[in-house]
Number of protein chains: 4
Amino acid sequence: MTTNTAGTRRRDAAGTRQLLLDAARRRFAADGYTAATVRDIATDAGVNVALINRYFTSKEGLFEACLAEVGDELGRTVDDQLPLERIPHDLAVRLAGPHAARHRTQLLLLLRSSGDEKAERIRVDILRRFADRMATAAGWQPGDADADRRMLRAQMTLASAIGIALLRASTALEPLASADQDELAEPLRDMFSALLAPDR
Amino acid sequence: MTTNTAGTRRRDAAGTRQLLLDAARRRFAADGYTAATVRDIATDAGVNVALINRYFTSKEGLFEACLAEVGDELGRTVDDQLPLERIPHDLAVRLAGPHAARHRTQLLLLLRSSGDEKAERIRVDILRRFADRMATAAGWQPGDADADRRMLRAQMTLASAIGIALLRASTALEPLASADQDELAEPLRDMFSALLAPDR
Amino acid sequence: MTTNTAGTRRRDAAGTRQLLLDAARRRFAADGYTAATVRDIATDAGVNVALINRYFTSKEGLFEACLAEVGDELGRTVDDQLPLERIPHDLAVRLAGPHAARHRTQLLLLLRSSGDEKAERIRVDILRRFADRMATAAGWQPGDADADRRMLRAQMTLASAIGIALLRASTALEPLASADQDELAEPLRDMFSALLAPDR
Amino acid sequence: MTTNTAGTRRRDAAGTRQLLLDAARRRFAADGYTAATVRDIATDAGVNVALINRYFTSKEGLFEACLAEVGDELGRTVDDQLPLERIPHDLAVRLAGPHAARHRTQLLLLLRSSGDEKAERIRVDILRRFADRMATAAGWQPGDADADRRMLRAQMTLASAIGIALLRASTALEPLASADQDELAEPLRDMFSALLAPDR
DNA sequence: TATGAATGAGAATTCATTCAT
DNA sequence: GATGAATGAATTCTCATTCAT
């Protein structure tokens with residue numbers, strides 16, 4: 001039975017919703033959509049399973065809500081004006097900084113597919129927006145010559161970052177799995193400038 | 001499907017086994033371990049479901065066999081002596097060349113986890129061996145100074161490649177999803193030399 | 001919905017109770033006991049679900065209360081002295097007259113079973129009393145010769161009437177479903193006199 | 001575990017299908033669509049629940065199959081040429097004859113609704129066909145003057161018969177519930193001739 | 001009185017696996 | 001070797017009900 005520290009039932013809809021979102025994001029990111037069960041998520045959240053359907057209609061709905069939340073967070077945290085030089089460091093913080101656990105789920109979720117069309121649209125939108133910002137940080141404009149090739153590079157950069165996050169999270173591959181923020185920063189810097197600033 | 005003159009399926013254990021392995025690899029790579037159903041796999045292979053358990057004991061066993069096969073293939077195809085300069089091109093071929101469909105499943109499978117410990121061990125072994133070869137191609141030796149930092153770079157390179165493969169396969173993100181071999185080759189070259197040959 | 005000047009629902013236990021009874025009767029009659037959900041009923045009544053348990057203890061209790069109310073209404077409206085000749089017309093009014101919607105639920109409810117023993121007893125009592133009144137209207141006395149055969153006829157008459165009500169309500173079977181009061185009256189007259197006045 | 005008399009698993013798809021259909025018809029007829037559970041049905045049939053989905057896709061599908069089967073049976077057994085005089089007797093046999101249990105479920109099923117559109121269409125079709133045959137037995141032709149009024153009478157006759165079947169089956173209302181074939185035949189005769197042969 | 005958050009039992013359905021043929 | 005019928009565990013979701021406010 002779900003009890004808060006006082007031993008009484010929690011009665012805070014918004015709080016419960018958020019507990020579910022947090023637990024779901026972790027589970028979906030770590031196990032993938034299908035392998036994550038609503039029961040696991042509810043247990044992690046310390047909340048009754050039925051509340052998932054109450055608040056999010058269905059498992060699909062919960063997944064969409066997770067994606068939407070990640071979209072919002074990335075929209076807020078990834079600053080348009082972040083200069084190119086800061087991006088590798090920013091990503092290293094994301095991958096291995098003090099709040100890596102939460103940040104990493106943002107990236108991982110972008111690789112998790114539920115098969116549902118609506119969720120898929122949200123996911124691709126986020127990826128596209130994220131890549132756009134990288135391109136912008138690299139000083140590229142939509143109308144530039146070679147805009148398409150540059151966008152490809154931005155997307156490859158993003159894909160690489162997510163791939164690194166995924167391999168770090170899901171695989172006991174050393175030294176990658178345990179590399180700390182500083183160890184990651186240097187190669188990331190090399191990689192990013194090679195991809196996003198090839199001409200300099 | 002292989003049929004004899006009587007029109008019935010040939011009773012060919014090895015052939016049936018291989019049909020299942022091929023179908024399973026595609027499904028596991030595309031859908032992930034949990035989302036791929038043995039029924040789908042058997043149907044794709046044009047074979048009775050029960051044969052999966054007969055030949056591979058369980059779904060787990062089938063997954064392990066797929067991984068093992070990928071390990072063998074990579075062991076054979078990734079040449080020890082492949083010079084560093086050829087690796088980006090080789091990878092571009094893998095990602096977008098004429099047999100990309102089959103090659104890509106090799107990479108994707110390396111990100112698919114079943115939760116089973118034995119499969120996990122196989123998977124990590126393959127990844128490690130793969131990264132080792134890249135490091136070797138970069139001219140690094142196990143005993144070198146900075147061997148650890150270099151191994152990290154090799155693993156990040158591998159992770160990036162897999163991330164690109166995954167995003168291409170699972171997401172309608174253009175232009176990345178449809179980029180052809182030549183379009184991929186150039187940025188891959190930049191990225192690989194930045195990661196594997198930072199000093200030159 | 002009854003509201004006071006402050007715009008909040010009037011706190012009127014009796015009124016709320018009645019809103020629930022009305023909504024429940026409609027739902028139980030239309031959908032059957034199991035298919036009718038307490039949430040649907042509460043929503044129809046414009047009332048909080050929990051009040052069903054507060055006022056009627058349980059869904060069972062609400063169903064019993066509906067039946068009891070129907071029993072009361074039929075006891076009041078079906079006049080002992082109603083002459084045989086008026087019964088078909090009375091029934092036609094019930095089935096297709098201006099207040100048919102509400103009247104029909106009375107009949108339909110008599111066919112809806114919850115499986116609960118107490119409700120079942122109420123239901124059978126109502127049916128028996130209803131059939132008794134028909135027999136009485138036909139001029140029969142409990143002690144008559146052939147009392148049993150006559151009671152059987154009265155019950156068959158009742159069953160027929162309910163069957164017609166049910167088929168009209170639940171099935172798009174034309175012309176039965178849309179027949180109006182006058183169209184129903186004539187055949188009902190024939191049927192009733194054949195069953196209840198076979199000797200004349 | 002389901003075993004036949006020999007203690008071995010049954011391996012007869014058609015037989016198992018039929019066991020499920022029989023059990024389902026009884027349950028649906030007796031309890032209604034919603035109240036009947038697939039688990040009950042499977043247990044009655046002595047068969048694993050999952051086979052319902054295997055053979056009928058869903059509970060809905062099973063219900064449709066039951067209706068379709070009833071439609072076929074009624075199509076075969078209700079003879080076009082059955083003279084009017086035989087119908088009441090035929091119905092008495094159906095309601096209270098030696099195989100009443102099975103026959104009665106045919107009628108009851110025609111009052112059970114699942115809410116599914118397809119099932120509803122099947123149900124109405126059967127009712128219409130059944131009423132048509134009664135009208136034909138009464139010597140009526142589609143083009144007759146008053147065809148509509150006569151069809152109404154045929155449908156009311158059918159509704160009455162079903163109402164009697166339902167009240168007999170679902171309610172402990174004596175003497176109706178226990179009346180035997182002969183006791184039912186006489187009033188049925190009166191009722192049917194009053195409705196279907198009002199002019200003679 | 002009324003509300004709505006929370007719960008637990010039970011529903012239908014899916015799926016890997018086993019077994020008889 | 002191959003087939004497909006049968007099984008049981010697990011999954012998502014619904015629903016009546018209880019509880020804190």
Side-chain angles (χ1 to χ4, degrees), chain A residues 1-3 6 8-17 34-42 47-62, chain B residues 8-13 15-17 34-42 47-55 57-62, chain C residues 8-13 15-16 34-42 47-55 57-60 62, chain D residues 1-3 6 8-17 34-42 47-55 57-60 62:
Chain A
M1 198 175 313
T2 308
T3 53
T8 60
R9 274 196 210 173
R10 179 191 311 282
R11 293 189 59 80
D12 168 12
T16 301
R17 234 188 90 100
T34 312
T37 73
V38 291
R39 215 143 220 127
D40 287 344
I41 293 169
V47 144
N48 187 284
V49 211
L51 296 181
I52 288 180
N53 297 283
R54 190 190 211 291
Y55 290 128
F56 303 97
T57 309
S58 65
K59 188 186 179 185
E60 278 289 354
L62 176 57
Chain B
T8 60
R9 177 126 357 93
R10 176 133 44 96
R11 302 202 155 191
D12 169 6
T16 301
R17 238 188 87 99
T34 312
T37 73
V38 292
R39 232 157 199 114
D40 286 344
I41 292 169
V47 146
N48 187 282
V49 211
L51 296 181
I52 288 179
N53 296 280
R54 196 187 214 299
Y55 288 133
T57 310
S58 65
K59 189 187 180 183
E60 278 291 353
L62 176 57
Chain C
T8 61
R9 177 125 0 89
R10 175 130 46 93
R11 302 200 155 194
D12 169 6
T16 302
T34 312
T37 73
V38 292
R39 229 153 202 117
D40 286 344
I41 293 169
V47 146
N48 187 282
V49 212
L51 297 181
I52 288 179
N53 296 279
R54 194 187 215 301
Y55 288 133
T57 309
S58 67
K59 188 185 181 185
E60 279 291 354
L62 176 58
Chain D
M1 199 174 312
T2 308
T3 55
T8 61
R9 274 196 211 171
R10 180 191 310 283
R11 291 189 60 80
D12 169 11
T16 300
R17 233 188 90 99
T34 311
T37 73
V38 291
R39 216 142 217 127
D40 287 345
I41 292 169
V47 145
N48 186 286
V49 212
L51 295 181
I52 287 179
N53 298 281
R54 190 189 210 293
Y55 290 128
T57 308
S58 65
K59 187 185 180 187
E60 278 289 355
L62 177 56

*Base, sugar-phosphate, or nothing for A:A36, non-hydrogen atoms under 4.0 angstrom?*
sugar-phosphate

*For D:I41 and E:dG10, give me the distance from atom CD1 to atom P, rounded to whole Å.*
18 Å

*What distance separates D:N48 CG from D:N53 CG, expressed to the nearest 0.5 Å?*
10.0 Å

*So what does A:A50 hit on the nucleic acid, given a heavy-atom distance under 4.0 Å: a base, only sugar-phosphate, or nothing?*
base

*Using a cut-off of 4.0 Å on non-hydrogen atoms, how would the nucleic acid contact of A:V49 be classed: base, sugar-phosphate, or nothing?*
nothing

*Could you let me know what F:dA9 is paired to, Watson-Crick or G-U wobble, both distances under 3.5 Å, or none if it's on its own?*
E:dT14

_I want to verify a distance call: between F:dT17, E:dT13, F:dT12, whose nearest atom is closest to the D:K59 side chain?_
E:dT13

_Options F:dT17, E:dA6, E:dT13, nucleotide nearest the side-chain atoms of A:L51_ = E:dA6

_Interatomic distance where CD1 belongs to C:I52 and C1' belongs to F:dA16 [whole Å]_ = 9 Å

*Can you tell me the distance, in whole Å, between the CZ atom of A:R11 and the C1' atom of E:dT3?*
8 Å

_Identified pairing partner of E:dA6, criterion: Watson-Crick or G-U wobble below 3.5 Å_ = F:dT17

*Is the closest side-chain heavy-atom distance between A:R54 and A:L51 below 4.5 Å?*
yes

*Take atom CZ of A:R54 and atom C1' of F:dT17, then tell me their distance rounded to the nearest Å.*
13 Å

_Of C:T34 and A:T37, the one whose closest DNA chain F nucleotide lies more 5'_ = A:T37

*Calculate the interatomic distance between D:R39 atom CZ and F:dG8 atom P; express it in whole Å.*
11 Å

*Once you round to the nearest 0.5 Å, how far does OH of D:Y55 lie from OG1 of D:T16?*
5.0 Å

_Euclidean distance, atom CG of residue D:D12 to atom P of F:dA6 [Å, nearest integer]_ = 7 Å

_D:T16 side-chain N/O to F:dA5 phosphate OP1/OP2 under 4.0 Å_ = no

_Approximate separation, where rounding is to 0.5 Å, of D:L62 CG and D:T57 OG1_ = 10.0 Å

*Identify which nucleotide among E:dC15, F:dT12, E:dG4 has an atom closest to any side-chain atom of A:V38, counting heavy atoms from C-beta outward.*
F:dT12

*Check the distance between F:dC19's C1' and C:N48's CG and give it to me in whole angstrom.*
12 Å

*Report the nucleotide, chosen from E:dT18, E:dA2, E:dA16, that has the shortest atom-to-atom distance to any side-chain atom of C:Y55.*
E:dA2

*At their closest point, which heavy atom of D:T34 faces which heavy atom of D:K59, and how far apart are they?*
O-NZ, 3.5 Å

*Let me know the distance between CZ of A:F56 and P of F:dC13, rounded to the nearest Å.*
13 Å

*State which of F:dT12, E:dT18, F:dA6 makes the closest approach to the side chain of B:N53.*
E:dT18

